Amino acid sequence: MTTSRKTPNAKSEGKMSAQDRRNMFFFGAGTLGRDMFYAFEANALIYYLSNILNLPREIFIATSLVFTILRVFDALNDPLMGLIVDNIDSKHGKFKPPMLVGALGAAACYLILFYDFGFRNFLFPLIFAIAYLGWDLFFGLNDIAYWSMLPSLSLDPKVREKMGACARIFANLGMFTIMIAWQPITSALGNTPQAWFTVALTVTALMLFFHLFPLLGVKEKPQLFQRQEEKTGLKDMWRILTGNDQLLWTTLAMSLFTVGYVTTTTVSIYYMQYVFGDQDLYPVLAAVVGVAQIGALLIFPAVSKGRTRRQMYQFSTILVVIAYLIMVFAETSLYVLLGAALLLFVGEAFIQLLMLMFLEDTVEYGQWKLGSRNESITLSVQPLINKIGGALSMGIVSLALVLSGIKQGAEAAQSIDAGGQMVIRLVFIGIPLVFIIAGYLVYHFKFKINEELYQKILQDLEDRGQIRREN
């Protein structure tokens, strides 16, 4: 008896059902509040520590060190969080219970991070360390559960691209709303620790509210996959992570990109204040960046039509390189700076979406190669990447604040000399460019899941009875 082999129908590829469209919207809407929540911590917490709390220099250095070490340490826990999610079997599904628990726990720890207890001695970094570790663990649990839900919603690469693009659009709306608004709002409220806590409380409430969309609105498709009766153990987790070579290379490429991307966005407020010379223009820069990223995600389907993902990644990296080179000459012209930022973040938005798709594809690759489907362990590398990338970039920025002369005493400097400005330029342009190019080279030489191989993987999995593709 022969098994008939299905050839993917080009006309039907990417066609979305009513449930797909509903899932796309409700899944995407969930990350609007999540990225507001995350962006305020990722982009503004270091400024809160350096320029608002007036911490003594040694306390700031100790806190920054805690910041960096804990992000790296906690990143190693993310696969364990993925293991927990992969073993969940409840009437509410696999992903929603840890999403809810993670959101509530992260909210509580987050508010402690932004609450001023009045300590200016070594009690401050101790309390900060406990709260930050708790926030990182809970948000990691939430993040893994959230993003590992996406591969369970469709096996069609084009449908995944649409869902991923929608989620990235909502994410960027949330992130850049905060990046544009936090500086003028905190300033309008008096730039006091109490004002910052008010903003943190508001962002936390919005994060919890927007979680209602995926928790109540998204319907998973467990019928697409063969149910795995056996639980995944620690030995299995190690085999899943190390045996999936494409996951490992994707993780390295994404980590290098993330270090570059986050370093630029984190240091941008200092660049505008101490190099460009006008901190009040930071929201304008953030607005242009937000428009660039959201616009890029909207035009991605049109730009990528007829092009492979490999070609799109190459094109996007060229845009990024050109943009950084233009920025070398941008410090005296707002229009040149904004034009370069527009080009830079269009390219980076394309890369972010592509990397999400590369990571999603390694779920089926791992199932094909290793015999078991483990979305959450596989997708646990995404928060791991964000944390390691964020930790390294935070370490780079913290060191730059000290070397440039911005952070010397309890209060931040009002201005810095030419040498200090060169340090900030290097961290804003030079170091990120090196990391982003390195990430592209890793992908170019090591990532092999192209469109043809992915279709072969799906067909083989279907022939084994491990998946069932929709008609």
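A quick note: this is a predicted structure, and the numbers were derived from the prediction, not measured.
Between Pro79 and Ser380 the shortest heavy-atom distance is CA-OG, 3.4 Å. Taking every heavy atom of both residues into account, Pro214 and Gly30 meet most closely at CD-CA, 3.5 Å. Scanning all heavy atoms of the two residues, the minimum distance from Ala292 to Phe345 falls at CB-CB, 4.0 Å. Scanning both residues, Ser376 and Ile144, for their nearest heavy atoms gives O-CG2, 3.5 Å. Of all the heavy atoms in Ile385 and Ser255, the pair that sits closest is CG1-OG, 3.5 Å. Scanning both residues, Gln455 and Pro157, for their nearest heavy atoms gives NE2-CG, 4.0 Å.
Under a 3.5 Å cut-off, the side chain of Asn172 and the backbone N or O of Arg168 do form a donor-acceptor pair. Side-chain atoms of Thr266 do not come within 3.5 Å of backbone N or O of Thr263 as any donor-acceptor pair. No side-chain donor-acceptor contact under 3.5 Å links Ser187 to the backbone of Pro184. Thr198 contributes a side-chain N or O that, together with a main-chain N or O of Gln194, makes up a donor-acceptor pair within less than 3.5 Å.
Under the side chain to side chain contact (heavy atoms under 4.5 Å, CB included) criterion, Gln279 pairs with Tyr47, Gln183, Ile269, Gln273, sequence neighbours left out. Scanning for side chain to side chain contact (heavy atoms under 4.5 Å, CB included) contacts around Leu461 gives Glu364, Gln367, Trp368, Ile457, Arg464, Gln466, Ile467, with sequence neighbours left out. Every residue meeting the side chain to side chain contact (heavy atoms under 4.5 Å, CB included) condition with Leu433, not counting sequence neighbours, appears here in chain and number order: Val321, Tyr324, Ile437.
To the nearest 0.5 angstrom, Leu111 atom CG is 5.0 Å from Phe197 atom CZ. Atom-to-atom distance recorded for Arg160:CZ and Met24:CE is 15.5 Å, nearest 0.5 angstrom. Distance OG/Ser304 to CZ/Phe315: 11.0 Å, rounded to 0.5 Å. Of the inter-residue distances, the one linking Leu356 atom CG with Asp361 atom CG reads 9.5 Å to the nearest 0.5 angstrom. For the atom pair OG1 of Thr177 and CH2 of Trp182, the computed distance is 15.0 Å after rounding to the nearest 0.5 Å. Of the inter-residue distances, the one linking Leu297 atom CG with Ile169 atom CD1 reads 5.0 Å to the nearest 0.5 angstrom.
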* Asked: Could you go step by step and tell me if Phe350 and Tyr313 meet the ring pair (Phe, Tyr, Trp, His ring centres under 6.0 Å) rule?
  -> CA-CA 7 Å; Phe350 285 167; Tyr313 195 1; over 10 Å; no
* Assess whether side-chain contact (heavy atoms from CB on, under 4.5 Å) is satisfied between Trp249 and Thr362, documenting all intermediate values. => CA-CA 10 Å; Trp249 290 121; Thr362 66; over 6 Å; no
* Criterion salt bridge (charged side-chain N to carboxylate O under 4.0 Å, His left out) on Glu451 and Lys158, from CA distance to verdict -> CA-CA 11 Å; Glu451 287 76 4; Lys158 290 299 181 183; over 6 Å; no
* To do: Just do the salt bridge (charged side-chain N to carboxylate O under 4.0 Å, His left out) check on Asp245 and Lys369 with the steps written out, would you?
  => CA-CA 10 Å; Asp245 58 297; Lys369 184 177 181 181; 2.9 Å; yes
* To do: Determine, step by step, whether Met179 and Tyr282 satisfy the side-chain contact (heavy atoms from CB on, under 4.5 Å) criterion, reporting the C-alpha distance in whole Å, the side-chain angles of both residues, the deciding distance to 0.1 Å, and the verdict.
  => CA-CA 9 Å; Met179 289 185 66; Tyr282 171 76; 3.7 Å; yes
* Can Met163 and Asp20 be said to form a side-chain contact (heavy atoms from CB on, under 4.5 Å), step by step? -> CA-CA 8 Å; Met163 289 183 173; Asp20 287 333; 3.9 Å; yes
* **Test log, rule side-chain contact (heavy atoms from CB on, under 4.5 Å), inputs Leu49 and Phe128** => CA-CA 11 Å; Leu49 297 173; Phe128 181 89; 4.1 Å; yes
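The aromatic rings of Phe213 and Phe25 lie perpendicular to each other, with more than 60° between the two planes, well past the 30° mark. Phe139 and Phe37 have tilted rings, their planes meeting at an angle from 30° to 60° on a 0 to 90° scale. Ring geometry for Trp135 versus Tyr110: interplanar angle of 30 to 60°, hence tilted.
Checked options Ile322, Val320, Val289; the residue passing with Leu344 is Val320 (criterion: side chain to side chain contact (heavy atoms under 4.5 Å, CB included)). Of the options Tyr440, Tyr454, Phe358, Tyr365, a ring pair (Phe, Tyr, Trp, His ring centres under 6.0 Å) to Phe447 is made by Phe358 and by none of the others.
Applying the side chain to side chain donor-acceptor pair (under 3.5 Å) definition to pairs two or more places apart or across chains, those involving residues 341-355 are Gln293-Gln352. Sorted by first then second residue, the side chain to side chain donor-acceptor pair (under 3.5 Å) pairs that include residues 25-35, not counting sequence neighbours, are Thr31-Arg34, Thr31-Asp35, Arg34-Asn142, Arg34-Asp143.
Between Met81 and Leu137 the shortest side-chain heavy-atom distance falls below 4.5 Å. Taking the side chain as every heavy atom from C-beta outward, Tyr443 and Leu256 never approach each other to under 4.5 Å. A heavy-atom distance below 4.5 Å is found between the side chains of Trp196 and Asn191. Annotation: side chain of Lys162 is in contact with side chain of Met16 (closest heavy-atom distance under 4.5 Å). Looking at heavy atoms from C-beta onward, Arg310 lies in side-chain contact with His444 at the 4.5 angstrom threshold. Thr258 has its side chain out of reach of Met355: every pair of non-hydrogen atoms, C-beta onward, lies at least 4.5 Å apart. In this structure the side chain of Leu247 reaches within 4.5 angstrom of the side chain of Leu359, judged on heavy atoms. Side-chain contact between Ile396 and Val259 is present, with at least one heavy-atom pair separated by less than 4.5 Å.
Few gaps surround CZ on Phe26; more than 12 heavy atoms of other groups in view lie less than 6.0 Å from it.
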Extract all donor-acceptor atom pairs below 3.5 Å that involve side chains of residues 93-109 and protein atoms in other chains or at least two apart in sequence.
residue : atom : partner : partner atom : Å
Lys94   : NZ   : Asp86   : OD1          : 2.9
Lys94   : NZ   : Glu375  : OE1          : 3.0
Lys96   : NZ   : Leu215  : O            : 3.2
Lys96   : NZ   : Val218  : O            : 2.7

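For the 3.5 Å distance criterion, the side chains of Asn374 and Ser372 qualify, holding a donor opposite an acceptor.
Ring to ring, Phe170 and Phe210 are not that close: their centroids are 6.0 angstrom or more apart.
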